[in-house]
Protein chains: 2
Amino acid sequence: MSDDEPDTDQTFHHAERFSRARAAQAVALLEDYAEMIGDLMAEAGEARVADIAARMGVTHPTATKAVARLKREGLAVSRPYRGVFLTEAGQTLADHVRARHRIVVDLLIAVGVPTETAELDAEGLEHHVSTQTLAAFKQYLDTSRRGD
Amino acid sequence: MSDDEPDTDQTFHHAERFSRARAAQAVALLEDYAEMIGDLMAEAGEARVADIAARMGVTHPTATKAVARLKREGLAVSRPYRGVFLTEAGQTLADHVRARHRIVVDLLIAVGVPTETAELDAEGLEHHVSTQTLAAFKQYLDTSRRGD
DNA sequence: GCGGAAATATAGCCTTGGCTTCATTGCTGT
DNA sequence: ACAGCAATGAAGCCAAGGCTATATTTCCGC
């Protein structure tokens with residue numbers, strides 16, 4: 001360092017940012033599982049562990065564990081050997097996540113990312129898009145659609 | 001499901017996407033640490049564990065562990081009780097990550113995200129931006145700058 | 001040149017989110 | 001109706017990435 005207390009402020013900002021990113025990551029998986037279960041419920045009326053596992057690209061036990069986490073968080077309910085269902089809160093979360101996903105994909109496409117790539121990247125990106133950024137995306141899509 | 005084999009294809013695509021996102025997450029931390037060490041080396045000539053820890057917002061042992069991972073991956077070198085230095089590979093990675101970070105931030109700002117928010121979100125987003133998407137961002141920034 | 005403070009390392013623990021293996025349950029076809 | 005198979009659940013392992021507490025080493029002031 002070049003000064004006496006050269007990085008106290010900046011250091012704090014950095015740490016803040018990384019903490020936020022870590023926190024976002026913590027809920028990302030739950031969001032994905034909730035959205036997936038929402039999709040399956042919409043398509044088939046119920047979500048079975050095997051389907052969840054297949055779509056998430058994980059093994060059955062991993063899906064089961066994830067469901068347990070969802071239940072613990074009050075986002076899903078299930079009885080042993082029965083399908084999994086979202087609670088009201090879970091459904092709300094799923095809807096929110098799905099909407100956000102669409103906006104992120106649309107924005108990527110709008111700035112010139114190929115559709116296929118946009119879908120791929122959005123899966124990872126979406127969890128780190130804050131409310132403010134999402135709002136900015138929405139507005140950009142609106143005006144750009146009008147403007148074109 | 002409504003059909004016989006209704007989701008084989010789509011399921012595969014989903015799984016692919018999630019796998020990619022998980023893989024991206026796995027290297028995200030290494031990237032962050034590498035960039036951070038690169039910054040500190042540029043500023044101070046060396047990166048000390050205490051500085052790394054402070055900027056990452058983690059405790060010293062956590063930073064030490066991360067450095068061990070970096071060394072294992074051939075991205076950094078260090079001798080006990082001495083500073084940490086990036087290898088050629090580590091430096092390359094750090095430069096790449098820093099460049100990507102800038103582009104992501106600039107793109108967010110270009111589509112209307114407030115500067116502060118852009119910096120915050122970029123920290124999490126950047127690790128999921130593929131090469132293709134980054135290229136699209138770059139081009140968008142170029143043409144939008146010219147166009148304005 | 002030596003003693004104490006600061007920096008670094010080590011050990012051990014926790015949670016998350018993967019995995020495999022094995023037990024149990026439910027469903028289905030004959 | 002029940003045997004067998006598919007699906008679910010349970011148990012136990014692993015690596016990553018956090019933490020606290022403790023030991024070690026370096027460095028700096030006197």
Side-chain angles (χ1 to χ4, degrees), chain A residues 1 4-5 7 11 15-16 18-34 36-37 40 44 46-73 75-85 123-124 127, chain B residues 1 4-5 7 11 15-16 18-34 36-37 40 44 46-73 75-85 123-124 127:
Chain A
M1 312 300 159
D4 283 315
E5 293 290 340
D7 60 353
T11 292
E16 272 286 290
F18 288 119
S19 294
R20 267 182 59 109
R22 280 196 295 270
Q25 195 53 39
V27 295
L29 255 287
L30 275 302
E31 291 181 348
D32 280 337
Y33 278 104
M36 179 100 325
I37 293 171
L40 289 166
E46 71 166 358
R48 280 152 63 244
V49 170
D51 300 331
I52 299 170
R55 289 224 187 163
M56 291 297 296
V58 299
T59 56
H60 307 166
T62 299
T64 301
K65 267 201 195 178
V67 169
R69 253 173 280 140
L70 287 170
K71 288 171 73 172
R72 180 147 43 85
E73 302 286 333
L75 299 170
V77 290
S78 77
R79 300 200 328 274
Y81 294 97
R82 286 281 121 95
V84 179
F85 301 88
E123 207 61 67
H127 302 290
Chain B
M1 311 301 165
D4 283 315
E5 292 290 341
D7 61 351
T11 292
E16 272 287 290
F18 288 119
S19 294
R20 267 181 59 109
R22 279 196 297 269
Q25 195 54 37
V27 296
L29 255 288
L30 275 302
E31 291 182 348
D32 280 337
Y33 278 103
M36 179 104 321
I37 292 171
L40 289 166
E46 70 166 359
R48 280 152 65 243
V49 170
D51 300 331
I52 299 170
R55 288 226 188 160
M56 292 297 295
V58 299
T59 56
H60 307 167
T62 299
T64 301
K65 266 202 195 178
V67 169
R69 272 191 301 269
L70 287 170
K71 289 170 72 170
R72 182 148 42 84
E73 303 285 333
L75 298 169
V77 289
S78 77
R79 298 202 327 274
Y81 295 96
R82 285 282 121 95
V84 179
F85 300 89
E123 207 61 66
H127 303 290

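FYI, side chains are in, hydrogens and waters are out, and symmetry mates aren't considered; it's all heavy atoms of this structure. In what follows, chains carry the letters A, B, and so on, assigned in the order in which the sequence lines appear, proteins first and then strands, with residues in each chain numbered from 1.
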Give the rounded distance in Å between these two atoms: CZ of R48(B) and C1' of dT26(D). 11 Å

Whole angstrom value for the distance that separates P of dA15(D) from CG of L30(B): 16 Å

Measuring to OP1 and OP2 of dG18(D), would you say a side-chain N or O of Y33(B) lies under 4.0 angstrom away? yes

Specify the separation, in whole Å, of atom CE of M56(B) and atom C1' of dG18(D). 12 Å

Using 0.5 Å steps for rounding, measure from the CD atom of E16(B) to the CD atom of E123(A). 12.0 Å

Between R22(B) and dG17(C), is there a contact of a side-chain N or O with OP1 or OP2 at under 4.0 Å? no

Scan residues 60-72 of chain B for pairs that pass salt bridge (charged side-chain N to carboxylate O under 4.0 Å, His left out), counting only residues two or more places apart or in two chains. none

For F18(A), which contact category applies under a 4.0 Å heavy-atom criterion: base, sugar-phosphate, or nothing? nothing

I52(B) CD1 to dG18(D) P, in whole Å, measures 13 Å

Within residues 57-66 of chain A, the residues having a heavy atom closer than 4.0 Å to DNA chain C are V58(A), T59(A), P61(A), T62(A), K65(A)

CZ of R20(B) versus P of dG18(C): gap in Å, rounded? 17 Å

R72(B) side chain near dA16(D) phosphate (N/O to OP1/OP2, under 4.0 Å): yes

Out of dG17(D), dG18(C), dT8(D), minimum distance to the side chain of R69(B) belongs to dG17(D)

From CD of E73(B) across to P of dA15(D) the rounded distance in Å is 14 Å

In Å, rounded to the nearest 0.5 Å, how long is the span from NE2 of H60(B) to CG of D51(B)? 9.0 Å

Please name the pair of heavy atoms, one in F18(A) and one in M36(B), separated by the smallest distance, quoted to 0.1 Å. CE1-CE, 4.1 Å

From Q25(A) atom CD to L29(B) atom CG, the distance as rounded to the nearest 0.5 Å: 9.5 Å

Locate the shortest heavy-atom distance separating A53(B) from A63(B); write the atom from each residue and the value. CB-CB, 3.7 Å

Interatomic distance where CG belongs to L70(B) and C1' belongs to dA16(D) [whole Å]: 13 Å

Proximity to the side chain of Y81(B) - top-ranked nucleotide from dT25(D), dG26(C), dG17(D): dT25(D)

Contact under 4.0 Å: R82(B) side-chain N or O vs dT26(D) OP1/OP2: no

dist I37(A):CD1 -> L75(A):CG (nearest 0.5 Å) comes out at 9.0 Å

Using whole Å, report how far CD of E46(A) lies from P of dT8(D). 9 Å

